[in-house]
Amino acid sequence: MATPKTSKQELLAVLNSVLGKSAGSPIALHEPNIGDHENELVAKCLSSGWVSSVGQYITEFETGLAKFTKAAHVIAIVNGTAALHLALHAVGVKPGDEVIVPTLSFVATANSVSHCGAIPHFVDSDGDALGLDPIALRAHLSANTSIKDNQLFNTKTGRRISALVPMHTFGHPMQIAKLVEVASEFKLTIVEDAAESLGSFVGNAHTGTFGKCGVLSFNGNKTITTGGGGAILTNDAELAKKIRHLATTAKLAHDWEYIHDAVAFNYRMPNINAALGCAQLDRLDSFLEAKRKLATKYSEAFAECDTLSFVAEPNGTTSNYWLNTIRLNTPDLQTRDELLSAARADGYLCRPAWNLLHTLPMYLDAPRANLPVAQKLWQSLINIPSSARHCLGDI
Ligand SMILES: *Cc1c(COP(=O)(O)O)cnc(C)c1O
């Protein structure tokens with residue numbers, strides 16, 4: 001009988017067979033794909049002179065995103081973090097409120113809550129879909145909150161809990177339909193962090209369109225990029241108007257006078273970034289197709305492994321497979337780190353899931369639920385190289 005392979009051998013064999021040998025330059029986790037089309041539109045934008053906060057590409061990018069996501073309104077923003085901040089502010093999150101966020105997320109999810117003067121309240125994840133677990137959330141809220149005058153209060157801290165920020169982890173849609181029920185039961189407003197999930201759907205509905213509003217990111221490592229950038233999606237016309245106003249210093253339209261009617265933000269996406277975004281959006285379908293091909297290759301290869309499993313899109317959903325993800329069948333931090341070191345030494349720039357947000361120094365005192373599943377996920381998840389270029393040639 002052959003000796004069973006170690007997880008290190010299994011991982012390196014799959015990376016080698018799917019991506020090819022990484023000779024010389026390392027293979028990035030996720031890199032932007034910039035070509036002639038991007039060069040053309042950005043050059044056009046530059047020569048037009050309209051590079052800043054006004055211009056045709058901003059409108060075109062917003063219209064294109066609205067068409068793709070079927071959101072009624074899209075507002076392009078300087079980055080995803082600012083978009084989350086503005087979205088939370090606009091739906092009425094106030095200083096001193098608590099906002100429910102998954103502890104397994106990128107730090108921006110919690111920071112945007114803090115930027116509102118509010119306090120993140122960390123909850124557990126669902127072991128399959130990797131997003132916030134609606135069932136565990138319901139149990140936690142039932143035991144620790146009460147509703148007064150149609151608002152939810154944390155019975156331990158006395159603070160109002162005003163919103164809920166689910167996140168679609170690595171592009172895999174979380175159980176959003178269930179979460180919408182829990183949110184309505186507990187009078188919570190949903191702001192979806194869909195920063196990682198452009199091109200991910202639940203049935204035919206795009207992620208980010210289930211809550212009061214949703215947020216996308218176009219940072220350099222996301223599925224499409226505008227350099228830095230983000231967007232807010234909403235089906236609420238009033239809210240869209242308010243967000244647009246607040247994103248542009250709350251300036252009232254006037255030929256020459258500077259009249260502002262609120263303390264507001266300078267968060268609009270510049271036209272030059274939107275020009276890049278328009279070009280990328282034209283190529284989004286090809287990126288998504290290539291990324292799905294790559295995910296299929298990984299999925300087939302990891303199916304042969306004994307110690308590692310590929311994390312597939314949840315049933316009933318379409319993932320953009322932003323970051324392909326595997327899990328150790330036995331969660332173990334030491335093994336995880338050995339795999340990361342070995343893969344990186346071979347030129348495959350794999351990465352662990354984020355350190356859980358409730359363990360970061362600025363959030364040590366933040367309220368939290370029991371977090372057993374997130375702990376296990378943190379010890380077992382590894383992201384593997386996922387750029388579209390690995391399969392763009394196949395389509
Ligand atoms: C990328 C990301 C953001 C923030 O987006 P930026 O554009 O980088 O500010 C927010 N939340 C999650 C989960 C992200 O992955």
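Every number for a ligand or one of its atoms is a count from 1 in the order of the listing.
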Is the positively charged end of K291 above the ring of Y321, judged by distance under 6.0 angstrom from the centroid and angle within 45° of the axis? no

Top protein contact for atom 11 (N) of ligand 1, by heavy-atom distance: D193 OD2, 2.8 Å

Give the residue, atom name and distance (to 0.1 Å) of the protein heavy atom nearest atom 5 (O) of ligand 1. S217 OG, 3.2 Å

For Y348, give me all partners under ring pair (Phe, Tyr, Trp, His ring centres under 6.0 Å), at least two apart in sequence or on another chain. none

At a 4.0 Å threshold, what atoms of ligand 1 neighbour a non-hydrogen atom of [X]?
X    : value
A195 : 2 (C), 3 (C), 10 (C), 11 (N), 12 (C), 14 (C)
G229 : 7 (O)
N219 : 7 (O), 8 (O)
T81  : 4 (C), 5 (O), 6 (P), 9 (O)

Considering K222, E196, M167, H85 one by one, which has a heavy atom nearer to atom 2 (C) of ligand 1 than any of the others? K222

For atom 10 (C) of ligand 1, which candidate among P102, A108, S105, A83 provides the closest heavy atom? A108

Using atom types as modelled, flag every donor-acceptor pair under 3.5 Å from a side chain in residues 177-187 to any protein atom, sequence neighbours excluded.
residue	atom	partner	partner atom	Å
E185	OE1	R138	NE	3.2
E185	OE1	R138	NH2	2.7
E185	OE2	R138	NE	3.3

Set out, in order, the CA-CA distance, both residues' side-chain angles and the distance that settles side-chain contact (heavy atoms from CB on, under 4.5 Å) for S53 and T248, then state yes or no. CA-CA 9 Å; S53 51; T248 47; over 6 Å; no

Charged N-O contact under 4.0 Å between R160 and D97: yes

Residues N266 and T249: side-chain donor-acceptor under 3.5 angstrom: no

